[in-house]
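Whatever order the structure lists ligands and atoms in, that order sets their numbers, starting from 1.
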Amino acid sequence: MDMRPDPFVPPAPLPRTVPPSRLEIIRIILRNPLELWGEPSYTLPWIRTNFFGQRTLIVNDPGLIKHVLVDNANNYRMSDVRQLVLRPILRDGLLTAEGPVWKRSRKAVAPIFTPRHAQGFAGQMLRQSEDYARKYEGAGEAGAIFDISTDMTELTFAILADTLFSGEIVTSSGHFADDVNELLHRMGRVDPMDLMRAPSWVPRVTRIGGQKVLEKFRAIVRNTMDMRLAKMKADRSSAPEDFLTLLLEQAGPDGLTKEEIEDNILTFIGAGHETTARALAWTLYCVSNSPHIREGMEEEIDAVLATGAKPVEWLDMMPQTRAAFEEALRLYPPAPSINRAAISDDFWTSPKGERVELEAGVTVLVMPWTLHRHELHWDRPRAYMPERFLPENRASIGRFQFLPFGAGPRVCIGATFALQEAVIALAVLMHRYRFDSTDQTNPWPVQKLTTQPKNGLPMRVTPRIISTKA
Ligand code: HEM
């Protein structure tokens, strides 16, 4: 008999049983697109639909996903809605660049994200996590309530700012984190005009004022780049070995232009901290409701830390901690949809011989949100069960049914960085503290730029008494 306690089933919208009207669809998209999807999206391999006059294919079949994202990736470009929102901010950064510019940039940026460099950042990840954890010391023995959602964003931002600029930022306000927040929340929204596919010169009321914030922000980045370039010119060895130095070294005809370096810095800021922060916060929340999992992680973390292993080794040495994070990535993928549009007519044939047409212009929605909760792929899809991701079970998860970082040529370039960062942050935090849900902890997943908890994540943080068995 299985004696394990029932797994925790964290909050999420139930699949819709009745399709919403057009007006309701607009309302839902503005409020929370995660609430849009009906039962077929969680049970069928693909669905053909029409979305505001736009032919759309919702794809949850791993073979068809592989076809679109990998095997015939050249025939698919980024979908319009995402580009309308993000391109004005990130321009030719890696996330929003297309065609030959993307190809050249990806080649230039790839060396910065090799495992060697990501591992080189482990020290900063540890230092920033330890510094941040001090915040909870002040709460005393009885602990106190903190909004873990905001805290994780602050922590991952501190890590990013350290690995990106080593703290050498030129900002007149002295509050770079506030500048970033303002930019992301003012600019990074889908406006009804985007859904109607209005041309880009039609003003978006939800983003008015954003342009000014963006200009201010870009000026900070430019000044920071100039300061570093001057330092590198005076004495290369005096410049820190961070993303900024590594990016500036990619300047040149086969590499990046100065504008593209600026665009990529904005891209790393936009793509590189809130995503990880969300998943960290959801992990702490799910774990706090799964006592046996938390105990297993605490034992694992304490044991590894007791060996004195370097932080760069922790990811491999902490399979339970990694699994807890990956299971949170499954249930609350920070990037809940990866959308493409077909450039020319294409088709795919399933192993059973069904032919799926992918005609030029069709929007293809690959949605980690529905894919990761799909009845065809997962046992108890809505339950938080990190054991799925333990090394001994991992082989049963297909490559194209779990896509928190996407797949194919445009797979997330920061995936290794994010996983290492997450395990180091969780280890530091959970070694010292316990994070508990309270009566006030009622998160509801909402899709904004990332999958974030509406109502925040107020949790009680108390110091742990660590038993020293050794
Ligand atoms: C848990 C954390 C993260 C998640 C869930 C995530 C998710 C994703 C996804 C799904 C994509 C593919 C989008 C598509 O194909 O349309 C992507 C691309 C990208 N990510 Fe991440 N990401 C994370 C962390 C990071 C970090 C830490 C960085 C940088 C420091 C980063 C930088 C990028 C960039 C530059 C791209 C564009 C790659 C390209 O198109 O060539 N991400 N990310």
Side-chain angles (χ1 to χ4, degrees), residues 65 68-70 73 76-83 85-87 90 92-99 101-110 112-113 117-118 121 124-125 152-153 155-157 159-165 242-244 246-247 256 260-261 263-283 322 325-341 363-369 371-372 400 402-426 449-452:
I65 292 175
V68 171
L69 294 184
V70 184
Y76 295 86
R77 58 179 178 79
M78 295 294 159
S79 80
D80 295 335
V81 170
R82 193 184 87 169
Q83 292 296 79
V85 176
L86 293 180
R87 248 195 93 85
L90 306 177
D92 273 330
L94 210 48
L95 194 65
T96 39
E98 297 257 29
V101 176
W102 170 78
K103 215 171 185 165
R104 177 173 42 76
S105 302
R106 178 94 190 192
K107 218 170 144 196
V109 173
I112 300 176
F113 283 94
H117 278 134
F121 291 134
Q124 279 123 303
M125 292 168 176
M152 291 306 109
T153 308
L155 167 58
T156 56
F157 183 74
I159 291 173
L160 189 76
D162 199 8
T163 51
L164 196 55
F165 302 121
D242 54 14
F243 275 123
L244 181 58
L246 295 170
L247 264 175
L256 302 170
E260 286 165 357
I261 294 178
D263 294 344
N264 275 305
I265 291 173
L266 258 86
T267 299
F268 293 172
I269 293 171
H273 81 289
E274 201 175 285
T275 40
T276 316
R278 298 297 177 216
L280 274 175
W282 286 114
T283 306
R322 177 184 173 142
F325 182 71
E326 291 196 287
E327 178 69 340
L329 283 176
R330 180 183 74 83
L331 283 172
Y332 298 107
S337 72
I338 301 170
N339 306 337
R340 295 288 190 270
T363 298
V364 184
L365 299 186
V366 177
M367 291 190 293
W369 178 266
L371 181 71
H372 292 178
F400 295 92
F402 180 59
L403 294 178
F405 297 108
R410 301 210 65 151
V411 68
C412 176
I413 204 162
T416 312
F417 181 99
L419 283 174
Q420 174 175 290
E421 173 186 13
V423 165
I424 292 175
L426 286 170
L449 265 185
T450 51
T451 306
Q452 62 188 59

Between ligand 1 and N339, is the shortest N or O to N or O distance under 3.5 Å?
no

I65 CD1 to M367 CE distance, which is reported to the nearest 0.5 Å:
10.0 Å

I need the L280 CG to L155 CG distance, nearest 0.5 Å.
7.0 Å

Test ring pair (Phe, Tyr, Trp, His ring centres under 6.0 Å) on F268 and F113 and set out the steps.
CA-CA 12 Å; F268 293 172; F113 283 94; 5.3 Å; yes

Under a 4.0 angstrom heavy-atom cut-off, which atoms of ligand 1 come close to P404?
5 (C), 7 (C), 10 (C)

Quick check against the 3.5 Å criterion: does H372 have a side-chain atom that pairs as donor or acceptor with the backbone of L403?
yes

Sidechain N-carboxylate O distance under 4.0 Å for E326, R330:
no

Which ligand 1 atoms, with their elements, are less than 4.0 angstrom from a heavy-atom of I338?
10 (C), 14 (C), 15 (O), 16 (O)

Residue and atom, protein N/O/S, under 2.8 Å of atom 21 (Fe) of ligand 1
C412 SG

Give me the one residue out of V109, I265, T163 that meets side-chain contact (heavy atoms from CB on, under 4.5 Å) with F243.
T163

Test side-chain contact (heavy atoms from CB on, under 4.5 Å) applied to Y76 and L69, V68, N339, V366, the passing residue
V68

Hey, could you give me the CD1/CD1 distance between I112 and I413, rounded to the nearest 0.5 Å?
8.0 Å

Using distance alone, determine whether W102 and ligand 1 share an N or O pair under 3.5 Å.
yes

Using 30° and 60° as the class limits, which term best fits the ring planes of F157 and H273: parallel, tilted or perpendicular?
perpendicular

Shortest protein contact, atom 13 (C) of ligand 1 (heavy atom only):
R82 NH1, 3.8 Å

R340 neighbourhood, listing ligand 1 atoms whose heavy-atom distance to it stays under 4.0 Å
14 (C), 15 (O), 16 (O)

Minimum side-chain heavy-atom gap F325-L426 below 4.5 Å
yes

Can you find an N or O of T267 that's nearer than 3.5 Å to an N or O of ligand 1?
no

Measure the shortest side-chain to side-chain distance between L95 and R410 over non-hydrogen atoms and say whether it is less than 4.5 angstrom.
no

If you scan protein heavy atoms around atom 39 (C) of ligand 1, the nearest is R106 NH1, 3.3 Å

min-distance protein heavy atom vs atom 40 (O) of ligand 1 -> R410 NE, 2.9 Å

Ligand 1 to F417, heavy atom cutoff 4.0 Å, flagged ligand atoms 27 (C)

Per-atom contacts, ligand 1 versus P334 - under 4.0 Å to a heavy atom:
5 (C)

